[in-house]
K.L.:
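Pasting a structure below so you can have a look.
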Amino acid sequence: MERAIGVIDSGVGGLTVVNEIMRQLPNEQIVYLGDTKRCPYGSREESEIKEFTYSMVREIMTYDLKMLVIACNTATAYTLKDLKQMLDIPVIGVIKPGSRAAISVTQTKKIGIIGTEATIKSRAYEYSLKEINSDLEVQRLACPSFVPMIESGDYLKMNTLEMIKEVLSPLTNNKMIDTLVLGCTHYPLIAGEIGEVLGEDIHIISSSGETAREMSVILDQRNLLSKDLISSHLFLMTGNKDNFKLVYENIFDNRLSNFADVEIKQIELKELEESYK
């Protein structure tokens with residue numbers, strides 16, 4: 001039986017990454033874990049972000065995985081380096097792929113980053129971008145109201161345009177960028193509205209597609225690509241199952257039932273083991 005790809009996120013945002021993985025790697029089985037009960041991570045202290053992320057890793061590593069994807073920018077910023085050393089399977093984050101995608105399209109070398117408070121505070125994107133090209137100008141903006149709106153499913157029920165316009169006003173008022181990185185995997189779910197606010201001249205970058213491409217390369221290099229069609233996917237969440245399914249159905253639009261059995265389960269994360277501290 002083929003080993004699965006594990007994907008973890010602080011909530012439902014990582015489903016945007018899963019959607020792209022399934023598009024580019026349709027033979028791969030996915031085990032997804034979203035910590036929807038404790039979301040958002042972006043307003044928490046570094047110690048909590050690490051503890052919560054490691055508890056997700058402990059749970060998902062009970063499955064037979066060949067790769068782990070940290071589909072959360074905040075968790076990537078604070079735990080990727082350590083998890084790469086802890087685990088004996090490839091571990092992929094979403095920040096470097098997003099940075100490379102932004103650099104590939106910017107013409108003015110002026111790039112904006114929006115994300116959670118913790119991601120912005122970490123400056124992980126700025127460091128990643130400037131590691132590749134030190135001449136870049138990077139503008140950072142925390143958008144703490146976006147994740148709760150998306151996790152609750154409110155973005156599907158309300159007109160969010162005015163709220164998004166107000167939140168992004170520091171970037172739109174000065175016209176300082178030509179490229180914007182969605183530095184949170186929740187944000188692609190409101191990418192249309194963000195694009196409407198910013199205007200068609202601004203390139204909007206989601207790390208999902210680039211992350212899936214990087215995964216494909218690594219799996220191929222290690223001869224780990226699945227050769228057979230998958231039979232099932234497993235989606236785990238720690239919080240409200242109804243809210244999860246609302247966003248899940250919006251992203252996948254019932255397409256998964258056409259080629260795979262899908263199981264959606266609510267679980268409780270066990271206490272953190274000393275080995276993951």
Side-chain angles (χ1 to χ4, degrees), residues 13-21 23-25 42 69-74 76-77 80 92-147 150 155 160-218 251:
L15 294 176
T16 62
V17 179
V18 171
N19 189 35
E20 191 62 34
I21 294 171
R23 189 183 73 81
Q24 294 192 36
L25 299 167
V69 181
I70 309 174
C72 172
N73 287 270
T74 301
T76 296
L80 177 63
I92 307 296
V94 288
I95 290 177
K96 280 191 178 295
S99 299
R100 286 193 290 268
I103 289 172
S104 72
V105 300
T106 182
Q107 298 295 313
T108 65
K109 297 183 180 180
K110 297 180 179 179
I111 297 174
I113 308 293
I114 58 173
T116 66
E117 294 166 291
T119 298
I120 296 302
K121 182 181 178 181
S122 75
R123 305 184 75 162
Y125 266 103
E126 185 174 359
Y127 297 143
S128 177
L129 286 163
K130 292 196 171 185
E131 185 179 28
I132 300 171
N133 186 339
S134 60
D135 294 332
L136 295 171
E137 295 182 29
V138 181
Q139 303 293 328
R140 299 175 295 129
L141 179 65
C143 305
S145 59
F146 285 177
V147 169
I150 293 167
Y155 78 103
T160 60
L161 206 59
E162 286 302 314
M163 186 269 273
I164 293 171
K165 184 176 181 180
E166 181 179 349
V167 172
L168 297 183
S169 60
L171 293 177
T172 58
N173 289 343
N174 297 315
K175 303 288 184 182
M176 294 182 292
I177 62 172
D178 76 337
T179 302
L180 180 73
V181 177
L182 305 181
C184 173
T185 53
H186 286 75
Y187 296 175
L189 293 168
I190 54 170
E193 290 84 352
I194 291 173
E196 189 172 343
V197 168
L198 294 179
E200 59 185 17
D201 293 336
I202 306 296
H203 301 287
I204 297 179
I205 300 297
S206 167
S207 60
S208 301
E210 197 69 25
T211 300
R213 281 187 283 276
E214 182 169 318
M215 291 170 57
S216 179
V217 170
I218 293 172
I251 293 174

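Computed from a predicted structure; not experimentally measured.
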K.L.:
For atom NZ of Lys165, decide whether the heavy atoms of other residues, nucleotides or ligands shown that lie under 6.0 angstrom number more than 12.
P.N.:
no
K.L.:
Out of curiosity, Leu198 CG to Leu180 CG, how far, rounded to the nearest 0.5 Å?
P.N.:
5.5 Å
K.L.:
Scan residues 131-146 for pairs that pass salt bridge (Lys or Arg N to Asp or Glu O under 4.0 Å), counting only residues two or more places apart or in two chains.
P.N.:
Lys96-Glu131, Glu126-Arg140
K.L.:
Which atom pair, heavy atoms only, marks the closest approach of Ser128 to Ile95?
P.N.:
CB-CG2, 4.0 Å
K.L.:
Ignoring hydrogens and geometry, is there a side-chain-to-backbone donor-acceptor pair from Gln139 to Lys110 under 3.5 Å?
P.N.:
no
K.L.:
Got Asn73 and Tyr125 here, is their nearest side-chain heavy-atom distance under 4.5 Å?
P.N.:
yes
K.L.:
For the atom pair CG (Leu15) and CD1 (Ile150), what is the distance rounded to the nearest 0.5 Å?
P.N.:
11.5 Å
K.L.:
Please report the closest heavy-atom contact between Glu20 and Gly209, naming both atoms and the distance.
P.N.:
CG-CA, 3.3 Å
K.L.:
Looking at side-chain heavy atoms only, is the closest gap between Ile114 and Leu182 below 4.5 Å?
P.N.:
yes
K.L.:
Taking all atoms of both residues into account, what is the closest heavy-atom pair of Ala191 and Ile204, and its distance?
P.N.:
O-CD1, 4.1 Å
K.L.:
Are the side chain of Ser134 and the backbone of Lys130 linked by a donor-acceptor contact shorter than 3.5 Å?
P.N.:
no
K.L.:
Nearest 0.5 Å, what's the CG-CD distance between Leu161 and Glu166?
P.N.:
12.0 Å
K.L.:
Can you list everything that forms a side-chain hydrogen bond (donor to acceptor under 3.5 Å, both in side chains) with Thr116? Sequence neighbours excluded, please.
P.N.:
Thr74, Thr119
K.L.:
For Thr185 and Thr16, which heavy atoms make the closest approach, and how far apart are they?
P.N.:
O-OG1, 2.9 Å
K.L.:
Which residues pass the side chain to side chain contact (heavy atoms under 4.5 Å, CB included) test with Ser104, sequence neighbours left out?
P.N.:
none
K.L.:
Among all residues two or more places apart in sequence or in another chain, which pass the ring pair (Phe, Tyr, Trp, His ring centres under 6.0 Å) test with Tyr187?
P.N.:
Phe146
K.L.:
Would you call Ile120 and Leu141 a side-chain contact if the rule is heavy atoms closer than 4.5 Å?
P.N.:
no
K.L.:
According to salt bridge (Lys or Arg N to Asp or Glu O under 4.0 Å), does anything in residues 185-205 pair up with another residue at least two apart or in another chain? List the pairs.
P.N.:
none
K.L.:
Working to the nearest 0.5 Å, report the span between CG of Leu25 and CE of Met215.
P.N.:
5.5 Å
K.L.:
Nearest heavy-atom pair of Leu129 and Ala102: which atoms, and what distance?
P.N.:
CD2-CB, 4.4 Å
K.L.:
Is there side-chain contact between Ile251 and Val18, with at least one heavy-atom pair below 4.5 Å?
P.N.:
no
K.L.:
Of all heavy-atom pairs between Cys143 and Leu168, which one has the smallest distance, and what is that distance?
P.N.:
SG-CD2, 4.1 Å
K.L.:
Report the distance from atom CD of Gln24 to atom CG of Asn19, rounding to the nearest 0.5 Å.
P.N.:
10.5 Å
K.L.:
How long is the straight-line distance from CZ of Arg123 back to CD1 of Ile113, given to the nearest 0.5 Å?
P.N.:
12.0 Å
K.L.:
Is a side-chain donor or acceptor of Ser207 paired with a backbone partner of Pro97 at a separation under 3.5 angstrom?
P.N.:
no
K.L.:
Filter on side chain to side chain donor-acceptor pair (under 3.5 Å), then keep only pairs touching residues 209-218, sequence neighbours left out; what's left?
P.N.:
Arg100-Glu214, Glu210-Arg213
